[in-house]
Amino acid sequence: MPIANCKRCGRLYNRAGRDICPECIRQEDAVLLEIRQYLKKHPQANIYEVAEGTNATYEEIVEFLRDGRLILRDNPNMAYPCERCGTLTQSGRLCANCTQVMAKGLGHATATLHRDETQGKRGKGFLSR
Ligand SMILES: [Zn+2]
Ligand SMILES: [Zn+2]
């Protein structure tokens, strides 16, 4: 079994699939449970409030949500930015829009859009040359 440094606490451990050690997995599971219980009591809470009310940090909660380890049911305020465009989303790494774009293999479409937006400035640059 390969030995690795735990990504979370830095300790050496026998790597078995996950990139964090068994102790951290235990801690994470406990924190996840805490978050779920907090959300049950406070369904309207946002991520900052959950971070304050539990042992989890804001980043950890976002990571749980992005990894799909924390699934939201009726928590309209638990929104975090899409990794691609920054639009607030509630599941996965990307917002619904980006997920669709990526699924269609149109990864370039948004890039083109962004280019169009800056085209005006660039166009003037070309003219003044
Ligand atoms: Zn660890
Ligand atoms: Zn997005």
Side-chain angles (χ1 to χ4, degrees):
M1 215 183 262
I3 290 188
N5 276 312
C6 169
K7 218 175 99 185
R8 195 159 170 270
C9 71
R11 248 186 311 217
L12 281 174
Y13 72 109
N14 287 323
R15 188 178 173 139
R18 296 280 308 273
D19 50 10
I20 60 173
C21 70
E23 176 58 26
C24 284
I25 291 176
R26 245 206 0 238
Q27 279 177 20
E28 271 200 4
D29 285 347
V31 165
L32 260 171
L33 195 72
E34 224 182 329
I35 297 172
R36 289 198 189 103
Q37 281 167 350
Y38 186 91
L39 280 175
K40 225 178 260 178
K41 270 184 247 164
H42 311 274
Q44 301 294 318
N46 61 37
I47 298 178
Y48 293 102
E49 284 164 347
V50 177
E52 251 174 58
T54 66
N55 284 314
T57 63
Y58 177 88
E59 287 77 17
E60 274 174 333
I61 297 168
V62 170
E63 211 41 49
F64 287 147
L65 289 164
R66 282 184 171 151
D67 283 349
R69 292 165 70 200
L70 179 63
I71 307 286
L72 301 172
R73 295 224 163 74
D74 250 323
N75 314 109
N77 300 318
M78 290 287 286
Y80 55 94
C82 159
E83 274 191 354
R84 195 156 166 272
C85 72
T87 300
L88 289 180
T89 184
Q90 290 211 285
S91 69
R93 302 202 164 262
L94 303 171
C95 68
N97 191 33
C98 288
T99 306
Q100 218 174 30
V101 169
M102 300 303 263
K104 282 184 188 159
L106 298 174
H108 299 296
T110 321
T112 311
L113 256 172
H114 281 302
R115 223 175 292 143
D116 285 345
E117 279 164 20
T118 50
Q119 203 84 71
K121 287 172 206 158
R122 237 183 264 162
K124 272 174 210 156
F126 280 125
L127 280 174
S128 64
R129 227 181 251 174

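What you see is a predicted model, and the numbers here were worked out from it, not measured in a lab. Whatever order the structure lists them in is the order used to number ligands and atoms, beginning at 1. Scope of the values below: all heavy atoms of this structure, side chains included, with no hydrogens, waters or symmetry mates.
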Verify, without hydrogens or angle tests, whether Q37 (side chain) and E34 (backbone) share a donor-acceptor contact under 3.5 angstrom.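 No, the answer is negative, given that no donor and acceptor are paired below the 3.5 Å cut-off.
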Got a donor-acceptor contact below 3.5 angstrom from the Q100 side chain to the N97 backbone?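 Between the backbone of N97 and the side chain of Q100 there is no qualifying donor-acceptor contact (under 3.5 Å).
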To 10°, measure the SG(C6)-the Zn ion (ligand 1)-SG(C24) angle for me.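 Between SG of C6 and SG of C24, the angle at the Zn ion (ligand 1) is about 110°.
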Non-hydrogen side-chain atoms of L94 and T89 separated by less than 4.5 Å: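 A side-chain contact is absent here, since even the closest heavy-atom pair is not under 4.5 Å.
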Shortest non-hydrogen contact from D29 toward R69: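 Shortest heavy-atom contact: OD1-NH2, 4.1 Å.
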What do you get for the angle at the Zn ion (ligand 2) between SG on C82 and SG on C95, to the nearest 10 degrees?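 About 120° at the Zn ion (ligand 2).
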Rounded to 10°, how many degrees is the angle SG/C98-the Zn ion (ligand 2)-SG/C85?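 Computed angle, vertex at the Zn ion (ligand 2), rounded to 10 degrees: 110°.
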